[in-house]
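One is the number of the first residue; the rest follow in order along the sequence.
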Amino acid sequence: MQQMNRADPAPSRLKYRLHRMMLTPLYRLMLRVGIPFVVAFGAGALWFSDEGRRDSFVGAVADVRDAVQQRPEFMVKLMAIDGASEGVADAIRQVLPLDFPISSFDLDLDAMRMTVVKLDAVKSARLKVRQGGVLQIDVTERVPVALWRTDEGLFVLDREGVAIGMAASRVDFPDLPVIAGEAADAAVVEALDVIAALGPLQARFRGLVRMGERRWDVVLDRGQRVQLPSKGSVAALERAIAMDQAVDLMGRELTTVDLRLAERPTLRMSEYAVQELWKIKAIEAGVKN
């Protein structure tokens, strides 16, 4: 009986290698993604290589973008400013000259906020676009606490010593204390503490003068001054007030109460008091003779 030849069930070497290759994840990913991407990228690059087609595509994208940005729901029609006085609100409108209506996509709120905060009278600001197409600006103004007298005029200062603006006259801010001297704006908080400690001398208070950029002189009516130390100014002033209440110190003919040395307060009499003192001494000397 003749023996039949059977086909070898083992795959050929080429078929085996192809089968193993198809089982490789990287190769399968390249077939599914890599080759289509290369083909698509090449076709796109070939299409965009023509300048006319390229310009046409850019123009179409710009038209779509403009059509979306100019939709009514994205348009800002007016500006609302809260927390600002009339003058500050006018200044904000001047530094933000917006031509309404304007698309909200064309508004750089961060840059606009920085522009508003640069105004001297503005301490902080918050901008947002709210429903109804309104640009909302919430402003926190600086609060005036003192007037700083300089060679250039009167500056209005806040508690941080920031110049809010200039005052045309002292009567424009009758409730604000006056400070003067070089670098007085850098010590506004200390000045306010000294003024708060004046107590019974408040009615006679005329102003504070910064001396040597390190200490204060309290100026009272009748040309009197209280010279405070560079450290412990409030405590020194309180001692002077205690002496005044005990012996009516500030009611006497004094021009200066020097408290710069805590262990040795010094009093300077007025010219009239000195003359009267010499007269008294002359009389006493005549009586003894």
Side-chain angles (χ1 to χ4, degrees), residues 4-84 87-142 160 162-163:
M4 296 180 61
N5 294 328
R6 295 183 177 180
D8 188 358
S12 66
R13 181 173 298 180
L14 176 61
K15 187 176 181 180
Y16 173 77
R17 289 181 176 179
L18 289 176
H19 180 71
R20 296 295 300 173
M21 187 180 298
M22 290 300 297
L23 293 177
T24 304
L26 180 62
Y27 183 77
R28 292 163 61 185
L29 178 64
M30 183 185 67
L31 290 179
R32 290 200 312 267
V33 179
I35 293 178
F37 173 78
V38 171
V39 173
F41 181 80
L46 180 62
W47 192 87
F48 278 106
S49 63
D50 182 76
E51 184 176 358
R53 287 195 294 262
R54 196 164 55 242
D55 293 341
S56 176
F57 178 81
V58 172
V61 171
D63 291 340
V64 173
R65 182 192 61 205
D66 292 340
V68 173
Q69 293 182 356
Q70 298 300 322
R71 291 180 62 84
E73 57 266 31
F74 297 130
M75 299 301 292
V76 179
K77 304 176 182 65
L78 55 91
M79 178 192 302
I81 303 175
D82 292 336
V88 174
D90 291 340
I92 292 175
R93 291 187 176 92
Q94 290 178 6
V95 298
L96 298 179
L98 300 176
D99 187 14
F100 295 107
I102 184 173
S103 174
S104 59
F105 291 96
D106 295 331
L107 298 177
D108 188 343
L109 297 183
D110 289 335
M112 294 168 64
R113 186 187 65 83
M114 293 301 299
T115 300
V116 173
V117 172
K118 286 181 180 179
L119 294 174
D120 294 334
V122 177
K123 184 176 183 179
S124 63
R126 186 167 62 92
L127 283 73
K128 65 178 180 180
V129 177
R130 57 183 175 87
Q131 290 183 347
V134 178
L135 174 60
Q136 180 68 45
I137 303 178
D138 296 318
V139 176
T140 300
E141 288 194 42
R142 296 187 179 274
E160 298 175 1
V162 177

Looking at every heavy atom in both Asp120 and Ala163, which two are closest together, and how far apart are they?
CB-O, 3.4 Å

Reported CG-to-OG1 distance for the pair Asp110 and Thr115, which is rounded to 0.5 angstrom:
11.0 Å

Is Phe37 atom CZ crowded by more than 12 heavy atoms from other residues, nucleotides or ligands, each under 6.0 Å away?
no

Test item: Met75 and Ser103 side chains (from C-beta on) under 4.5 Å apart, heavy atoms
yes

For Leu109 and Leu127, which heavy atoms make the closest approach, and how far apart are they?
CD1-O, 4.1 Å

Verify side-chain contact (heavy atoms from CB on, under 4.5 Å) between Asp138 and Gln136, making sure each step is shown before the conclusion.
CA-CA 6 Å; Asp138 296 318; Gln136 180 68 45; 3.0 Å; yes

Within-4.5 Å side-chain heavy-atom neighbours: Val122 and Val88:
yes

Closest non-hydrogen atom pair between Ala125 and Arg113, with its separation:
O-CD, 3.2 Å

Given side chains that start at C-beta, do those of Val134 and Met79 come closer than 4.5 Å, heavy atoms only?
no

Would you give the length of the straight line joining atom NZ of Lys128 to atom OG of Ser104, rounded to the nearest 0.5 angstrom?
14.5 Å

Can you tell if the side chain of Ile102 reaches within under 4.5 Å of the side chain of Leu135, non-hydrogen atoms only?
no

Grab the two heavy atoms, one from Ala84 and one from Ala89, that are nearest each other, plus how far apart they are.
CB-N, 4.1 Å

Can you confirm whether Ile137 sits close enough to Asp82 that some side-chain heavy atom of one is under 4.5 Å from a side-chain heavy atom of the other?
no

